There are 2 protein chains.
Amino acid sequence: MDTALDLHSIRIVRAIAEHGTISGAARALGFSQPAISQHLRRVEGRLGVPLVVRAGRGVRLTEPGQVIARHAITITSALDAASGDLADLVGLASGLVRVAAFPTASSTVVPRFLQAMRDAHPGITVSYVEAEPPEAIGMLREGLVDLAVTFAYPGDRADPHRDPDASVETVPLYTEPVVIALPADHALAAGETVELARLADARWIAGCPLCRGHLLAACEAVGVTPRIDLETDNAIAVLNLVGAGLGVALLPQLALATAPVPPGAVVRSTSPSSDRSIQVIVQSGSQRVPSIAAALAAMRALDGADWGLRRS
Amino acid sequence: MDTALDLHSIRIVRAIAEHGTISGAARALGFSQPAISQHLRRVEGRLGVPLVVRAGRGVRLTEPGQVIARHAITITSALDAASGDLADLVGLASGLVRVAAFPTASSTVVPRFLQAMRDAHPGITVSYVEAEPPEAIGMLREGLVDLAVTFAYPGDRADPHRDPDASVETVPLYTEPVVIALPADHALAAGETVELARLADARWIAGCPLCRGHLLAACEAVGVTPRIDLETDNAIAVLNLVGAGLGVALLPQLALATAPVPPGAVVRSTSPSSDRSIQVIVQSGSQRVPSIAAALAAMRALDGADWGLRRS
DNA sequence: TGCCCCGAATAATCCCACGTTATGAATGCC
DNA sequence: GGCATTCATAACGTGGGATTATTCGGGGCA
């Protein structure tokens, strides 16, 4: 009784109700006539009730058959609605993509991405939340977002790159240079590049926790222990603090696109140079969801050269 | 896309949405875990879209999966409604049986049948139309009725008995004696039985066409050609005509249950005696429909002894 | 951090449901 | 009474879908 009524049987009964003949139903459904006959017999056997009786040349539905035929319209239309919604999804006519990205991207990469998505796939809605990489990855793992745009410094332990975690996959987007901001009147501001090793005595202004970690690692690599006086994840504040002569700071290139460099500060490249990577992380397997694939493609198609980003 | 979404898949997605795990869904549906996993993979292959992604210990629905799960409630409830109606039908909790019977049965066998059906199966509705045997059989063949209660005289050409017609089946109910009514003052009214051969000069009153045919055949068998003066299919009229001394008539026994024998008439058996058979005819195969089977059983259980009917 | 348990994926295998073609029987039409 | 149409049956092949056994990955807990 449970599995007795399947969709195929319902479609068959419906077709018979419309055509009044098994052969006609078979033609309409694209099957051979014996296929329908046999299937009917099987279903009748499962149900314990005949659905059709021969009536002269053709066939006539019994009362149970008529009952099924009556319900068939409801059932098939409900199913058509489902497969219609599904078709919209695979055809990119609808869908929802939830994106998280780190703060600096909010005012640069993300708006351009949202615009590209709206232009290319108007039916797809994109939701966006701002989150630092660790939080963004956490939300991804919890299924709260579909795409997490993150950055990672080389050697970062929390970098999903090096963790062979099969549950998420990383797609590299850009390589972002890390530059140094220092007061315009600083002794090393004159050159094109600044050697970190020569900043053993500098007062440092640190950014977000990850950036601070990179600062420590970069200094350690050249045998220096930075003295960190100030700490803020606000890039504009960092630049202004530097401009006020309160210290030096490592800044990701993208920060410069969000805030003007104040008159009292200059930006230089470092030696040894360092980059961080910008990437988008997705749940394994979800790339095959059309809307997510479209979003991923849109992100990879973004050009960030005007912000100083290099494709990676 | 057409056959991609079947009921099983929908149930599976629904179960996964509820349990959050494939194993749980498998247990709930009574399958092994690999069965669900593989079925999902097949459906995803057909759809071209993943429905689930692994999420830590369990699994999470993708957006397409959620869409299916949303529609699943509608679809399965529509289907449950259908199988509920079907279950009512097989459980005799509902149903419709359409019956046709010949006029004399309308006031005898049919009321008793209707009462028996109402007592035994209150949920089944029975519709009834009165029709002479040929018309009743015609309605049966056209699918307008499910049961046709008919009578047949021996040798009747239109009797479905002798016609090896596979489209209908005949179930015998009773053997009904045919008696003769004659004026009380008739010369032959004195004896217990009346020899037809001695009625060569009688004025006959004929009944319905079939009865008239039987009259002719019965007389012919004894070498007599009846003179038919009057003709009516109204049994009461026939009896009163006889009572008025206007002629003699062959009458089926059941007619006497519908009309009192007037003082001026008497009823006798005939020699040679003749019977007609009362039977119910159904479309081949429809006996397996529960409501029709129940009606058929109720008819066969009817006792007609008080009307002078013998089981056959 | 390492161990252990639970759930998912894969592999190998089996079988019945369901499709096909070929053919026969019954019915309505000309 | 032939002819066309339709359903039923037979024989057969394929694959969907189930099973068990096993491996892999991830989370929870000491």
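Chain A is the first sequence line, chain B the second, and so forth, proteins listed ahead of strands; every chain is numbered from 1. None of these values were measured; they are calculated from a predicted model.
Terminal axes of the helix from C:dT1-D:dA30 to C:dC30-D:dG1 (five pairs each, C1' rotation axis) are separated by 40°, to the nearest 10°.
The ring pair (Phe, Tyr, Trp, His ring centres under 6.0 Å) pairs that include a residue from residues 40-69 of chain A number zero, where partners must be two or more places apart or lie in different chains. Under the salt bridge (Lys or Arg N to Asp or Glu O under 4.0 Å) criterion, the residue pairs touching residues 143-152 of chain A are A:Arg98-A:Asp146, with sequence neighbours excluded.
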Using a 3.5 Å cut-off and no angle test, enumerate the donor-acceptor pairs between side-chain atoms of residues 60-73 of chain B and protein atoms at least two apart in sequence or in another chain.
residue	atom	partner	partner atom	Å
B:Arg60	NH1	A:Glu142	O	3.3
B:Arg60	NH2	A:Gln283	OE1	3.2
B:Thr62	OG1	B:Pro50	O	2.7
B:Thr62	OG1	B:Leu51	O	3.2
B:Thr62	OG1	B:Gly65	N	3.4
B:Glu63	OE1	A:Leu96	N	3.0
B:Glu63	OE2	A:Leu96	N	3.0
B:Gln66	NE2	B:Leu61	O	3.4
B:His71	ND1	B:Val67	O	3.1
B:His71	NE2	A:Asp85	OD2	3.2

Side-chain donor/acceptor pairs under 3.5 Å, residues 23-36 of chain A, sequence neighbours excluded:
residue	atom	partner	partner atom	Å
A:Gln33	NE2	A:Ser37	OG	3.2

Please list, one pair per line, the donor and acceptor atoms closer than 3.5 Å that link side chains of residues 206-214 of chain A to other protein atoms, with sequence neighbours excluded.
residue	atom	partner	partner atom	Å
A:Arg212	NH1	A:Glu231	OE1	2.5
A:Arg212	NH1	A:Glu231	OE2	3.1
A:His214	NE2	A:Ser274	OG	3.4

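Nearest heavy atom pair, residue A:Cys219 against residue A:Pro226, reads CB-CD, 3.6 Å.
Evaluation of the salt bridge (Lys or Arg N to Asp or Glu O under 4.0 Å) rule for B:Glu18 yields B:Arg14 as partners, not counting sequence neighbours. In this structure, the salt bridge (Lys or Arg N to Asp or Glu O under 4.0 Å) partners of A:Arg276, at least two apart in sequence or on a different chain, are A:Glu176.
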Kindly give the atom pairs (protein nitrogen or oxygen, nucleotide nitrogen or oxygen) under 3.5 Å for nucleotides 9-11 of chain C.
residue	atom	partner	partner atom	Å
C:dA9	OP2	B:Ser37	OG	3.3
C:dA9	N7	B:Gln33	NE2	3.0
C:dA9	N6	B:Gln33	OE1	3.2
C:dT10	OP2	B:Arg41	NH1	2.8

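The phosphate of C:dA26 has neither OP1 nor OP2 within less than 4.0 Å of any side-chain N or O from B:Ser167. At D:dG16, none of the side-chain N or O atoms of B:Arg42 fall inside 4.0 Å of OP1 or OP2 (strictly under the cut-off). Within the structure, a side-chain polar atom (N or O) of B:His8 is placed less than 4.0 Å from OP1 or OP2 of D:dA18.
Between A:Glu142 atom CD and D:dG26 atom P the separation is 17 Å, expressed in whole Å. Atoms CG (A:Leu51) and C1' (D:dA8) sit 17 Å apart, rounded to a whole Å. In this structure, A:Arg11 places its CZ atom 14 Å from P of C:dC18, rounding to the nearest Å. Protein atom NE2 of B:His19 is 16 Å distant from nucleotide atom C1' of C:dC6, rounded to whole Å. Atom-to-atom, CZ of B:Arg27 to P of D:dT19 comes out at 14 Å; the value is rounded to the nearest Å. Going from atom NE2 of A:His39 over to atom C1' of D:dT9 covers 18 Å, rounded to whole Å. Between the CZ atom of A:Arg57 and the C1' atom of C:dA25 there is a distance of 16 Å, rounded to whole Å. Protein atom CG of B:Leu7 is 16 Å distant from nucleotide atom C1' of C:dA17, rounded to whole Å.
Under the 3.5 Å distance criterion, the side-chain polar atoms of B:Ser291 are left unmatched by any main-chain donor or acceptor of B:Ser94.
B:Ser32 comes within 4.0 angstrom of a base, heavy atoms only.
In the set C:dC18, D:dG17, C:dG7, the nucleotide with an atom closest to the side chain of B:Ser23 is C:dG7.
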